[in-house]
Amino acid sequence: MEYNFTEIEKKWRNYWREHKIYKSDIDHSKPKFYVLDMFPYPSGAGLHVGHPLGYIASDIYTRYKKQKGYNVLHPMGYDAFGLPAEQYAIQTGMHPAITTMENIARYREQMDKIGFSYDWNREFKTCDPDYYKWTQWTFIQLFNSYYCFDAQQARPISELEEVFANQGSTGLNIAQTENILFSAEEWNSYSENDKQRTLLNYRLAYLADTWVNWCPKLGTVLANDEVVRGVSVRGGHPVERKLMKQWMLRVSAYAERLLQGLDNINWSDSLKEIQRNWIGRSEGAFVQFHIEGQEETLDIFTTRPDTIFGVSFMVLFPEHELIKKITTPEQQQEIGDYMKWVSSRSETERQTDVKKVSGAFTGAYVIHPFTGEKIPIWIAEYVLAGYGTGAIMAVPAHDSRDYAFAKHFNIPIREVVEGGNIAEEAFESKDGICINSDFITGMNVKEGGRAVIQQVVEKKIGYATVNYRLRDAIFSRQRYWGEPFPVYYKNELPYMLSENELPLELPEIDKFLPTEDGEPPLARAENWKTKEGYAYETSTMPGFAGSSAYYLRYMDPHNSKEHFSKESNEYWQNVDVYIGGSEHATGHLIYARFWNKFLFDLGLCVKDEPFEKLINQGMILAHSQFVYRILGTNQYVSHGLRYQYDTTPIHVHVNLVHNGVLDTEAFKAWQPDFANAEFILEDGKYRCGTEVEKMSKSYYNVQNPDDLIAKYGADTLRMYEMFLGPLELSKPWDTNGIEGVHRFIRKFWKLFFNRNNDLQISEEEPTPDEYKILHKTIKKIEEDNERFSFNTAVSTFMICVNELTDKKCDKRKILEPLTVLLSTYAPHIAEELWNALGHTASIYFATFPKYEEKYVLETAYNYPVSFNGKTRFQHTFPLDMPAKEIETAILQDPITQKWLEGKKPKKVIIVVGKIINIVL
RNA sequence: GCGGACGUGGCGUAAUUGGUAGCCGCGCUAGACUUAGGAUCUAGUACCGAGAGGUGUGGGGGUUCGAGUCCCCCCGUCCGCACCA
């Protein structure tokens with residue numbers, strides 16, 4: 001029989017599907033294991049070879065774990081709400097649901113050809129009402145919760161209402177937007193509206209005014225990366241900074257837990273570090289400064305309370321609410337001009353010229369709490385609205401930004417920490433002694449800081465605190481293609497639908513554009529339900545809403561009564577291995593952790609962290625190929641000769657190039673422009689230039705998995721993708737190398753079939769040498785699989801097959817277990833051979849073979865030799881060498897001789913395979 | 001600027017985790033079989049040298065009997081954050 005991969009792969013794909021081989025169910029007799037891929041957003045372009053990389057890895061691991069006796073959950077679905085489908089709908093009028101379904105069908109078709117072991121029974125899309133019902137449901141729970149720092153968990157908002165009724169808002173350690181103080185009497189006298197308005201200050205999903213990039217023409221809020229130089233990337237419409245009422249998630253309440261949780265999960269250091277930086281914990285102090293001649297105080301956050309005697313000005317962010325109250329009449333004009341200039345600048349502009357110093361003086365002063373000195377209050381762009389209190393005490397001597405500001409506006413610079421050269425630059429080191437600082441002079445920076453905080457606390461003008469860079473997430477999008485909020489408005493205050501009204505389905509609309517008066521597209525839905533005459537929220541939820549808890553839903557995807565059952569969650573717990581790109585480090589992977597922790601607080605899921613282990617697969621890049629057209633002609637010059645002419649490089653399709661040599665005839669046939677192309681060759685060949693770039697249609701460097709599967713088969717593709725290099729590394733695709741893997745697969749096939757293509761398997765007992773090859777391989781493959789080193793595993797297979805081919809080994813006892821090993825990497829061919837060996841059940845249910853140590857052991861061990869306990873060197877001896885002889889050999893070793901200096905050792909301790917200790 | 005990762009043949013990579021550097025594959029060279037080869041098989045392939053031999057893991061230093069691996073300094077590449085007080 002010939003190795004006809006097309007037939008074989010089709011045959012087994014059908015068999016697996018018909019026999020529901022990959023169906024998974026709760027099975028308490030086996031340990032569970034959950035392997036998850038980041039589900040894809042199905043774009044119109046289909047999959048290229050980079051997309052399945054992680055899926056192949058997770059599939060191999062799934063199959064491996066299954067063979068190791070685990071009950072494995074390995075589901076797949078689609079992140080189906082999102083921008084591209086909606087933009088496409090705006091251009092073509094085609095409903096996003098239709099294009100999304102088409103794209104999904106295409107993705108599924110491509111994925112099926114690769115031979116994945118997904119349990120497709122559990123498939124769902126985030127745009128299914130059955131699914132987004134639970135996204136909406138969770139939102140309602142967030143709305144009905146607040147965060148208590150003492151309990152370190154989310155609590156029902158009703159509990160807070162009780163507390164307010166009994167003791168008011170003072171002295172509570174809870175997450176809040178602003179610190180509102182009221183007594184129990186005041187609370188009890190509030191109207192229902194006042195109460196609801198106040199509660200928004202504490203809810204985990206809340207409605208608040210926020211600064212956003214607003215594009216009036218597109219009628220939506222835009223993210224920073226969607227705005228360049230003040231205009232929208234799409235359409236080039238002007239964008240303004242606007243204070244808008246938006247739904248927010250109080251992610252910041254979980255900052256500490258999100259940070260602490262990182263210590264207990266098995267993620268890469270770099271990814272944890274990215275999240276730590278994103279959360280941005282910093283310890284410092286809040287301090288109140290009294291504003292001269294006003295009741296008001298100015299609150300600031302600082303990480304350097306020790307430098308409080310070096311303060312020479314204060315700065316507010318340009319839209320700070322105090323500005324109006326404190327600006328003196330003389331400064332009105334200047335401040336007004338500055339604020340106008342600032343508001344004309346987009347977030348991006350602001351970020352591009354951070355070096356530029358700008359600001360304006362309000363004319364007002366604060367009183368220094370210790371010296372009583374008058375300190376001027378400025379406003380400036382470099383102070384951010386969203387961090388701390390939006391105001392700082394500026395210490396130019398010890399902060400480079402304050403330094404630049406002080407130099408620019410000629411403000412005094414006071415040195416309060418010894419050691420710098422403040423005539424030249426700010427001295428930011430935290431190692432130093434405080435000087436010119438009243439009661440902390442002479443202390444080191446740390447002590448000084450503590451002393452200042454103590455004084456500030458005594459004066460009741462501040463306290464030590466921890467501040468986080470992590471901000472609350474804006475949760476509304478003025479879009480159509482997303483989850484509708486289960487929210488209606490009464491007296492301009494939001495109320496939630498009840499659970500039996502869910503899902504609130506996305507209504508049909510005539511056009512996917514905002515309304516004339518700037519309402520989101522949902523406002524076009526004329527016959528959309530309204531609740532008792534009150535209007536629904538017209539924004540939809542952002543992309544991360546649907547992807548924040550999908551892994552939980554896979555545990556129990558068809559449950560219509562609950563998000564997922566308690567039983568399923570108690571069995572499957574959380575994801576053991578999660579594979580996906582690192583681009584989600586500060587988005588999805590933060591939101592999902594937040595979301596999971598919230599559900600954990602509600603007692604719905606048993607694990608606090610959703611993803612125990614995370615693997616970031618690298619990106620697959622491409623070698624783009626270039627030809628060099630001589631300017632103004634249709635002549636093309638080979639890469640090595642291109643500098644002899646004036647040329648422009650032109651991207652050429654990678655399929656027209658083999659090992660750097662252009663197929664000139666195929667090139668002529670490729671595009672009409674090139675039909676009459678002439679070539680200037682080197683060594684009789686046209687050599688192309690190459691460059692590593694991202695895979696993109698416009699670079700003609702996209703490799704489509706379908707083409708490769710047609711040419712080499714899915715098994716070859718799977719193994720080659722793994723063979724390319726370590727999973728985590730980004731690496732360029734190089735189709736040339738695939739031949740080597742294909743050769744391996746055919747070689748493996750030939751171990752079973754003789755020259756006439758007849759199955760030829762010997763039932764003879766293998767030789768020890770043959771056993772050694774097998775057991776070495778089992779051990780190595782097991783180790784490689786465990787550490788996700790699939791590239792070295794493929795090499796191991798190749799070595800094994802080379803060795804067996806040399807020995808012309810056709811013994812069943814060798815080949816059968818090898819087939820089981822290979823089935824995780826190349827499931828189709830393995831299944832075919834397994835079947836040929838006489839098995840009727842699928843190889844998927846085979847057990848991972850055990851290796852026998854006696855065949856695996858090398859002939860020698862390295863003995864580390866230590867003198868008086870300190871390891872000195874290692875010595876290699878054959879395994880079967882008696883201990884006495886080892887001792888003699890060690891003592892005769894020149895290094896031992898040198899160390900002994902002629903003395904006789906008291907004792908020599910030998911533990912085979914471990915350590916040799918010589919004691920004097 | 002801050003933080004992280006990395007640097008090994010012509011190329012992708014490997015190295016029992018401190019123990020013979022370069023496994024496996026691509027490419028290349030030679031040969032065999034072929035009407036033919038972008039098929040298959042065999043042998044070779046880090047560099048210098050005819051050879052014995054010598055040199056080699058970005059550069060420099062250190063620890064060690066022993067360093068690609070550990071420590072310090074420099075150079076370079078990639079990624080993340082970026083006025084976070």
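Each chain gets a letter, A, B and so on, in the order its sequence line appears, and its residues count up from 1.
- Partners of A:A464 by side chain to side chain contact (heavy atoms under 4.5 Å, CB included), not counting sequence neighbours, listed by chain and number: A:I453.
- A search for salt bridge (charged side-chain N to carboxylate O under 4.0 Å, His left out) contacts involving A:R414 returns A:E373, not counting sequence neighbours.
- Sorted by first and then second residue, the side chain to side chain donor-acceptor pair (under 3.5 Å) pairs with a member in residues 723-733 of chain A read A:W733-A:T735; sequence neighbours excluded.
- Residues passing the side chain to side chain contact (heavy atoms under 4.5 Å, CB included) test with A:F313 are A:V315, A:P376, A:W378, A:Y382, A:A394, A:P396, A:D402, A:F405, A:A406, A:I411, sequence neighbours excluded.
- Shown here are the salt bridge (charged side-chain N to carboxylate O under 4.0 Å, His left out) partners of A:K272, two or more places apart in sequence or in another chain: there are none.
- Every residue meeting the side chain to side chain contact (heavy atoms under 4.5 Å, CB included) condition with A:S268, not counting sequence neighbours, appears here in chain and number order: A:S270, A:L271, A:N616.
- When the side chain to side chain contact (heavy atoms under 4.5 Å, CB included) test is applied to A:H408, the partners found at least two apart in sequence or on another chain are A:V357.
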Considering only nitrogen or oxygen atoms on both sides, find all protein atoms under 3.5 Å from nucleotides 26-31 of chain B and state each distance.
from: B:rC26; atom 1: OP1; to: A:R743; atom 2: NH1; distance (Å): 2.3

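- Taking the salt bridge (charged side-chain N to carboxylate O under 4.0 Å, His left out) definition, one finds that A:D715 meets it with nothing, sequence neighbours left out.
- Straight-line distance from the CZ atom of A:R304 to the P atom of B:rC83: 20 Å, rounded to whole Å.
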With Watson-Crick and G-U wobble geometry limited to distances under 3.5 Å, how should the secondary structure of RNA chain B be encoded in dot-bracket form, using | for bases paired to another strand and [ ] for crossing pairs?
(((((((..(((......[....)))((((((.......))))))(((....)))..(((((..]....))))))))))))....

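- Interatomic distance, CD of A:E782 versus CD1 of A:I778, reported as 9.0 Å (0.5 Å rounding).
- For residues 614-623 of chain A, proximity to RNA chain B is found at no residue, defined as any non-hydrogen atom under 4.0 angstrom from a strand atom.
- Listed by chain and number, the residues in a salt bridge (charged side-chain N to carboxylate O under 4.0 Å, His left out) with A:R276 are A:D263, A:E273 (sequence neighbours excluded).
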